[in-house]
Amino acid sequence: MPSLDKMSGTEILSVGKKMFYGGFAFLPLLWLVNVIYLWPTLKRTDVPAQLRRYLIYSILGCLAWFIITTTWYALFVNKRVTWGATADRITVVIPKGV
Amino acid sequence: MLLLSLLLCLACHIHFTNAQDIATSLYPYIYTDLGTWPCVRLLNATGSVGCQSTSGTNGILYQLNTQDDIENFNQNIPTSWEQWVVVIPYGLLTPSNIQTLESSKRLSGVIAIINSTATPGSPSRPSSYSPESKCPNCEFGLYANDADQYTWNPNGNSMIYEPINIPIFALDPIDVLSATAYRQIMENLNYNIEQNYRNYPLRAVDFSLFMWAAVDSATCLRRGWCFPVGGSSVYSTPSPNLTGNDGKPIIIVSATMDSRSVFHDLTLGVENDISGMVAMFAVADALSKSPTSVASFPKHIVYTLFNGEAWGYSGSQRFVNDISTPFQCQNITGTNTCPIKGAACTQPCVRDTDFTNINFDNIESVVEFSSVAQSNASGKGFWAHTDDSTTSGSLLQLFVGQGNGTYSIQDAASDGVHRKLPPSSAQSFLKKKRSIASIVLSDFHTSLDGYYHSDYDDTLDLATASSAICSLASSAARSIWLSAQGLNNGTVPSQVTADCNLVASLLDCMTQNYSCSLIQQYYGVNNAARISHYSSVFSFGGVSLLSLFAFNFLGDKNGVRRMNGTSPASCQSITECQAHEYCIRGTCVSTLTRYHDAYGAGIGYNYGTGLFDVIDESAPTWTESTWNPPSMRVYTVTSTRHQVVELVIGILWLVSSIIIVLYLKRYLKKTLKIA
Amino acid sequence: MSLYSFFGCMFTAYGPLLSIFFLYISRDAQLVLLMVCSAFFWLIAILLSSVIWFAATPARDMNAVTILHSVILQELFRWALFKLLHRAEKGLMIVSKNPKSRYNRSVFAFVSGFGFGLTSALVTYISTLVQTIQPGVIMCPSCPKATLFFISAINTSLTSLQHITWMMIAFEAYLNLPTLLGILQGAWVLASHFGVSYAMLLNASESVSLGCVYAIVIQVVILAISTTLVVLNLKKHYGAAVFSRTQR
Amino acid sequence: MATAFSSPRDEIELNNTDPSPPANSKCNVCQKPASFMCSSCGLNGPRYCSIDCQTQGWREGHYRLCKGNEQARATARSRTPNTQTDNTADTAATDVDDDTSLSRVQTRNSGISRFGAAQIINSRQRRASQTAANNQDGNIPMVELQAGETATDAQLDEEEYADELRFYIRQIYLVIQPVVICIILSIFWVKVSFSGTSDYAPVRPSYSIGSSSASTTTGTSSSSSVVSSLTTALVIVGQIVVVTVAIVFFFRKGWIKVLIGFFMIVVLGLLGFMTYLLLLNLIQVFFIPLDYITMVFALWNFAVVGLISIFWKGPLWLQQAYLTIMSSLMAFSLTGLEEWTTWMLLGLLAIWDLIAVLCPFGPLRLLIESSRTQQREVPALLYSVNAVWFMASMEDHFRISRSFLPQNGHVIGTNWIFGGSSRNSSASNLQELQAQVNRSNAHTPEPVADTSTNTQFGQARSESPEPLKEAHTIHNWRHSSGPQGAVIRGPQDGNGFTRLRGESVNTIEINSTDHHLETNPTTTLETDTVTPNPQRSDSDETPPDEEDAERSGLKLGLGDFVFYSVLIARAAMYDWITTVCCTVAVLMGLTATIFLLVLWKKALPALPISIALGVMFYFVAKAVLVPYVGALCVLGMVAV
């Protein structure tokens with residue numbers, strides 16, 4: 001795995017594109033990695049301009065997922081008791097005493 | 001080299017297995033573990049009651065002796081940031097007091113002293129302390145729907161119905177272990193008092209009392225983290241050929257087998273359950289001595305000892321339901337979750353089906369012994385409580401007539417106030433069929449015993465109690481002997497008299513010395529001095545010590561010995577006897593004495609999942625949570641100020657060293673071009 | 001106790017070591033390796049000492065005896081470490097950031113002393129430190145107002161610093177051993193090591209009141225003397241320019 | 001483990017021993033046919049027939065003319081300020097455009113050094129008497145010049161030697177960091193999940209703070225369970241052996257894709273399942289209410305991203321984090337074994353590694369052989385006695401021919417064993433020859449390193465097996481020696497084996513062919529002594545980056561990581577003192593190699609040392625040290 005600055009702009013673009021499309025498989029983390037990984041290369045001149053678009057989309061998708069998951073989790077934690085048996089069924093390890 | 005080291009280590013490891021890690025070896029120098037009697041969490045259909053705490057709740061020991069101390073706790077505590085564990089007399093353990101203490105935010109736990117005999121000067125017991133509600137179990141009783149129920153327990157503070165989020169432990173020096181715990185706590189408490197709670201280091205306690213269950217019975221049963229409160233009732237009858245369709249009326253002679261209190265390990269209930277149980281035993285013994293066998297009488301006599309009565313009449317309600325509803329057994333082969341081995345029926349899961357012989361419609365009258373120990377000496381004599389003077393008038397007259405001088409039996413309604421039945425199993429029968437004649441015999445008239453369902457209910461004057469119970473048992477036995485023959489008066493043979501020595505020894509066995517000679521006759525028990533009368537949790541086929549004794553005793557009194565020629569057929573174990581025979585006191589006895597399941601009527605066993613679940617929220621659904629082993633330990637603590645000082649010193653030391661190192665580095669770089 | 005005293009004790013015991021390590025040693029791979037090596041040597045010494053302690057069953061609870069052979073073993077391994085480093089010095093010199101620096105030898109001594117100090121601090125105190133998270137405490141027998149945990153922390157910290165100075169003096173001593181000076185310096189190291197260890201017997205004695213204070217005072221005094229010795233040595237070698245470095 | 005490489009390198013030595021000295025060059029001093037040249041002046045410098053002649057010639061005044069001397073001084077000067085030994089020097093070289101003498105010198109030294117390791121040692125020992133004086137006080141050129149004899153050699157030796165040591169020390173250090181992190185992680189897992197409140201801990205020993213001591217229970221059980229645990233350990237090791245053999249088989253068959261697929265699955269499963277187990281612990285210990293939806297989502301992200309970043313692309317730190325976490329997970333899951341099983345397993349595994357690598361028919365060794373004969377990349381399989389190990393450095397597979405050598409703490413062992421063996425095997429003047437040639441190459445004019453032309457050329461050449469083999473191994477070798485573990489980085493993607501090899505080869509080929517073009521008589525020698533040039537060429541064309549150095553550091557191979565972590569996790573289950581002891585032991589095992597190197601010029605692989613020390617320390621500490629400390633230091637309050 002070569003470090004980025006050894007890669008040509010087109011390669012970087014393809015990497016970014018692959019990671020972006022890969023992220024649609026419920027992989028917001030991949031989007032995040034994509035951004036963190038490739039963002040510094042945006043400064044480079046030989047990197048095609050589309051890359052920026054892909055990265056921005058990745059950020060947006062990542063944010064969307066983040067919001068979704070956090071809201072869901074908050075909902076779950078607070079409503080767990082009231083949901084009763086169904087909540088227990090989807091709980092991994094039911095915490096004792098609460 | 002590797003192998004060498006391995007061998008070497010093998011050797012040293014095998015030789016020095018006594019090695020301890022530092023934590024283990026240091027532990028005894030810091031902590032003293034004490035035996036504990038916690039108040040635990042119970043749940044019902046609507047929520048949870050009792051105590052719980054996550055592990056590691058700790059605080060400095062602090063003594064509160066009087067009500068004023070509690071009121072002024074907030075002002076008196078020396079520092080406003082430490083946590084305290086208050087040591088209070090059990091009598092001050094009331095919801096309001098706990099609330100007052102908790103409101104100070106400085107309370108982390110409570111230690112309640114029940115018997116403070118070891119320390120003179122500490123406050124004595126209040127005349128009455130009952131943690132029960134003012135009308136115990138009324139919501140499950142016969143008069144649940146009545147507009148104005150009589151409050152039988154006016155001085156009840158319903159402590160046992162309080163959900164409390166701090167740990168509460170009891171101290172009661174009744175045996176060696178608890179005596180050490182008591183002494184330890186007291187010594188450390190006195191040390192703190194000498195230090196005036198200000199000169200650190202002081203002595204602190206920490207509890208762990210972690211309850212698994214939460215929310216309510218339905219939830220915890222579903223999660224399998226709690227079990228229904230209950231046990232096994234015992235019923236027995238002298239008439240072996242009792243069947244449902246023989247048309248003979250049935251007289252139920254009943255008593256309660258269990259009691260209740262804040263600390264289940266200490267539950268004894270001398271007044272509440274033991275006295276009545278002993279009285280019933282005495283009656284059974286007296287009637288068994290009748291020259292003409294009671295089995296031949298025109299009416300059947302059935303003795304019933306109900307378990308779990310303190311928890312919404314669990315035993316009696318279940319018994320009544322089972323005998324009043326037609327029993328059909330569908331034996332599910334294959335997926336059969338009935339835990340009982342050799343069950344007569346796997347669904348419903350029952351040991352035996354003999355209870356079907358008791359036809360509820362044939363039940364004519366119920367005679368129940370409530371608390372009859374006369375310990376609260378409110379005027380010698382007993383009171384006969386009835387639901388309705390018309391239906392049970394004749395029975396009442398019979399009993400009143402049989403009462404003798406010193407311990408007379410009076411009609412509780414004789415003062416013109418009709419209070420109906422006190423909390424009793426009879427209510428369960430009448431709930432099904434109001435026309436049953438019922439009479440509840442008790443030593444209280446207008447209100448329940450002052451220590452009703454309290455941990456204070458643990459002492460009695462053996463002489464007075466035994467004589468009282470003895471006389472009551474005699475008169476009751478005579479009354480029942482008569483009524484079993486349908487007579488209203490007549491001469492009862494002198495044999496039908498309670499054996500006062502038996503009563504005395506029974507009382508002794510039940511209260512203090514469970515491994516007494518009387519019980520040793522039936523089966524071997526050793527070093528079981530005082531057993532808890534809390535019905536504990538129900539398990540299929542499980543039998544508590546009390547049920548075991550009741551079964552053997554009643555079976556012995558009501559059973560028929562099989563004679564090999566002249567001598568009774570002797571046995572060592574039940575395997576040596578024929579079917580339907582039991583090996584009681586070394587002889588094979590055939591008797592109609594059975595256990596019966598007793599747990600909340602609102603709880604049902606789910607044969608699909610093999611778990612219990614709540615089927616009726618209105619009926620009693622009490623469950624007890626599963627808990628990690630509770631622990632309480634004493635140790636020394638320093639003040640928070642002291643600890644903060646340590647922290648500050650550490651930080652200063654660290655920062656200064658950092659500064660020195662940085663300075664030297666720069667200095668060396670600058671001057672020496674190195675480092 | 002609580003987290004307060006946990007961090008308090010931790011910073012007190014390991015503060016200097018941590019700051020020295022992260023600010024100075026960890027920046028240089030070679031020094032780290034050197035540190036590990038000397039740490040290893042101290043560990044061997046203490047292991048042997050503990051084996052002796054275990055074997056000598058009757059003398060187990062005589063701490064004086066234990067200290068005796070423990071200190072002797074430590075000094076022996078200090079010497080062995082010196083021998084080792086002396087052989088490797090050439091290599092070390094080459095590898096060091098500035099091979100021709102005249103101060104390398106002192107740096108090596110310092111770092112290996114640090115290794116000794118670090119391991120001794122870890123082995124002797126870390127288990128106690130973990131105990132401070134739990135609520136209970138043990139009070140120091142000689143100073144009933146202070147906790148055993150904190151007093152031990154102070155001792156640990158001082159002792160680790162002592163190890164550094166001892167190592168620097170000892171290396172100096174071994175270098176010019178045949179001479180009287182060398183012998184004297186070596187003797188001082190041995191004596192002060194014994195002094196420190198035996199002084200700490202006061203901590204646990206119920207008879208001597210405020211024993212822990214005496215112990216700490218003695219430690220500080222000895223530390224000061226050893227530091228001045230180090231300073232003198234360094235001055236002798238490198239002139240006044242390096243005076244300040246020796247405060248480490 | 002990497003000691004396997006002693007063999008191929010030996011053989012290469014032998015391959016290159018026979019060539020006859022060049023005919024057309026005469027010794028400047030004695031006019032015999034010369035086989036040596038002044039390393040500093042290189043091809044256009046004077047030629048000698050023997051050391052003696054050279055030293056004579058030096059005395060006769062060559063030292064005045066010799067460029068190498070000045071440059072050597074330049075080197076000495078230029079090296080002192082920069083801390084980052086060679087990397088920064090190289091970056092400097094690149095910042096300053098191309099062929100400034102500085103860059104050349106730097107790269108030359110860095111280049112030579114790796115290669116010359118063995119010879120340096122030998123020549124050192126040979127000349128111990130002479131250099132003794134100089135060695136005492138650093139390597140200041142002037143001193144040596146005054147000292148006179150073999151100034152150049154001595155001084156260059158010093159530098160090469162220093163390069164060696166610096167490189168290895170740096171490697172070890174880079175290895176130590178992740179090892180320590182991994183160890184800390186495993187300790188944390190253990191402390192958390194054995195804190196008693198978890199039902200999901202791999203095993204529930206009767207160990208709990210304060211209540212009961214582990215030793216009593218294990219002690220009672222130990223004597224009886226030793227046999228059973230031994231069998232268990234044997235079973236596990238057997239599985240590992242089978243896996244290894246299977247891997248070797250696949251590899252020889254050339255089913256690389258199968259291997260990759262297999263290991264991808266393994267990694268996925270590991271990341272998924274082990275993380276799941278650990279998660280169960282954590283959420284139970286900390287009473288976290290977690291629902292399956294969230295958990296599956298999180299696990300899926302974690303595992304897949306890990307897979308991608310390990311096998312394909314991702315930030316380096318992320319990759320390293322994954323590898324470290326994974327090894328700690330592995331160690332954690334291995335703590336589930338019964339105590340004695342763990343010890344047996346550790347011992348047996350260490351032994352098995354040695355066998356697999358050292359004995360002539362060890363699978364790993366065979367693997368190397370085949371990798372050489374078949375010119376197929378060995379992804380750092382060497383650590384892979386188990387899947388994790390292999391996976392540990394899978395990304396190697398997709399990188400250009402990167403040797404596993406430098407990435408392994410045991411490299412030193414390799415080099416020195418190699419040095420020793422070749423010393424014994426071949427005539428010592430061969431070594432001298434080599435040494436000389438090194439220096440000579442140091443001065444060969446810089447070849448035109450034009451990548452575009454190189455590529456075709458290389459690919460054209462890359463069919464010929466014989467030079468290829470050399471080139472290939474040399475290449476590895478060079479990287480093994482590259483002070484910053486630098487690699488040729490070029491356009492490449494997942495499946496670029498041939499291309500990568502093509503490149504890696506062609507650089508070599510180019511250089512060697514340069515010399516061919518120069519019709520340098522000593523070509524055959526140079527083909528493998530040529531290392532400096534490609535080193536320089538690619539380090540010129542590509543600024544070396546810290547990443548690679550770190551990456552190579554991490555390449556200790558999670559195999560070792562897991563060994564160490566298991567050892568210390570097991571120790572952490574008893575007491576903190578044992579934990580400290582075992583940690584020191586493990587680090588010492590890593591460090592021992594470097595010190596043995598510095599001391600006796602020979603080294604052992606680190607792993608067995610660490611394991612042996614660790615196990616021994618554990619038991620001694622558990623049986624003796626802990627009560628000792630408890631009595632003396634904790635209660636006696638004596639800080640010895």
Side-chain angles (χ1 to χ4, degrees), chain C residues 28-30 32-33 36-37 39-40 43 46-47 49-51 53-54 60-61 63 66-67 70-71 74 84 87-88 90-95 97-100 119-131 134 140-141 148 151-152 155-156 158-160 196-197 200-201 203-204 212 215, chain D residues 76 79-81 83 85 135-140 158-159 161-162 165-166 169-174 176 209-210 575-577 579-581 583-585 587-588 590-592 594-595 597-600 613 616-617 620-621 623-640:
Chain C
D28 186 344
Q30 179 205 11
V32 172
L33 300 190
V36 170
C37 178
F40 180 76
L43 199 56
I46 204 66
L47 280 174
S49 164
S50 66
V51 168
W53 171 83
F54 198 92
R60 264 192 209 177
D61 39 12
N63 284 349
T66 319
I67 291 176
S70 146
V71 169
Q74 288 182 59
L84 178 76
R87 279 191 63 184
K90 176 160 40 57
L92 292 169
M93 282 289 190
I94 294 172
V95 184
K97 282 178 188 170
N98 35 10
K100 292 173 301 306
T119 333
S120 73
L122 282 178
V123 169
T124 55
Y125 188 63
I126 189 161
S127 297
T128 322
L129 177 65
V130 173
Q131 286 299 306
Q134 308 240 329
C140 173
L148 176 145
I151 298 296
S152 303
N155 287 326
T156 312
L158 290 175
T159 316
S160 56
V196 167
S197 299
M200 275 187 283
L201 284 178
N203 289 328
C212 67
Chain D
R79 174 171 288 112
T80 28
T83 58
T85 63
N135 293 337
Q136 281 312 319
D137 41 10
N139 50 357
I140 307 165
E158 289 299 340
E159 298 185 355
Y161 185 48
L165 293 186
R166 275 200 204 82
I169 287 186
R170 175 156 185 71
Q171 288 301 316
I172 297 274
Y173 187 46
L174 291 172
I176 282 182
I209 294 291
D575 190 81
W576 280 99
I577 292 180
T579 318
V580 171
C581 291
T583 315
V584 172
L587 296 185
M588 186 58 193
L590 290 177
T591 320
I594 202 77
F595 270 91
L597 167 64
V598 178
L599 286 182
W600 298 299
L613 284 179
M616 194 162 61
F617 278 23
V620 177
V624 181
L625 181 58
V626 169
Y628 171 86
V629 171
L632 182 64
C633 305
V634 176
L635 296 176
M637 296 181 70
V638 175
V640 287

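Every heavy atom of this structure was used, including side-chain atoms; hydrogens, water molecules and symmetry mates were not. All chains are named by letter (A, B, ...) in the order of the sequence lines, taking the proteins before the strands, and each is independently numbered beginning at 1.
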If I measure from the heavy atoms of chain C, does D:V629 come under 4.5 Å with its side chain, its backbone, both, or neither? side chain

Nearest-0.5 Å distance that lies between atom OG1 in C:T66 and atom CG in D:L632: 5.5 Å

Just so I understand: if I count every heavy-atom pair under 4.5 Å between each of C:V51, C:L122, C:L201, C:I46 and chain D, which residue has the most? C:I46

Tell me, for C:L148 versus chain D, whether the close heavy atoms (under 4.5 Å) come from the side chain, the backbone, both or neither. both

Nearest 0.5 Å please: distance from the CE atom of D:M637 over to the OG1 atom of C:T128. 9.5 Å

Whether D:F617 and C:F40 hold their rings parallel, tilted or perpendicular, with breakpoints at 30° and 60°: parallel

Least distance between heavy atoms, C:A204 atom then D:G636 atom: CB-O, 3.6 Å

Where do C:F54 and D:A623 come nearest, in terms of heavy atoms and distance? CE1-O, 3.6 Å

Disulfide (SG to SG under 2.5 Å) partners for D:C633, two or more places apart: none

Heavy-atom contact with chain D under 4.5 Å, split by part of C:S49: both

For C:S127 versus D:I577, what's the shortest heavy-atom pair and its separation? OG-CG1, 3.2 Å

Between atom CG of D:L635 and atom CG of C:D61, what is the distance when rounded to the nearest 0.5 Å? 12.0 Å

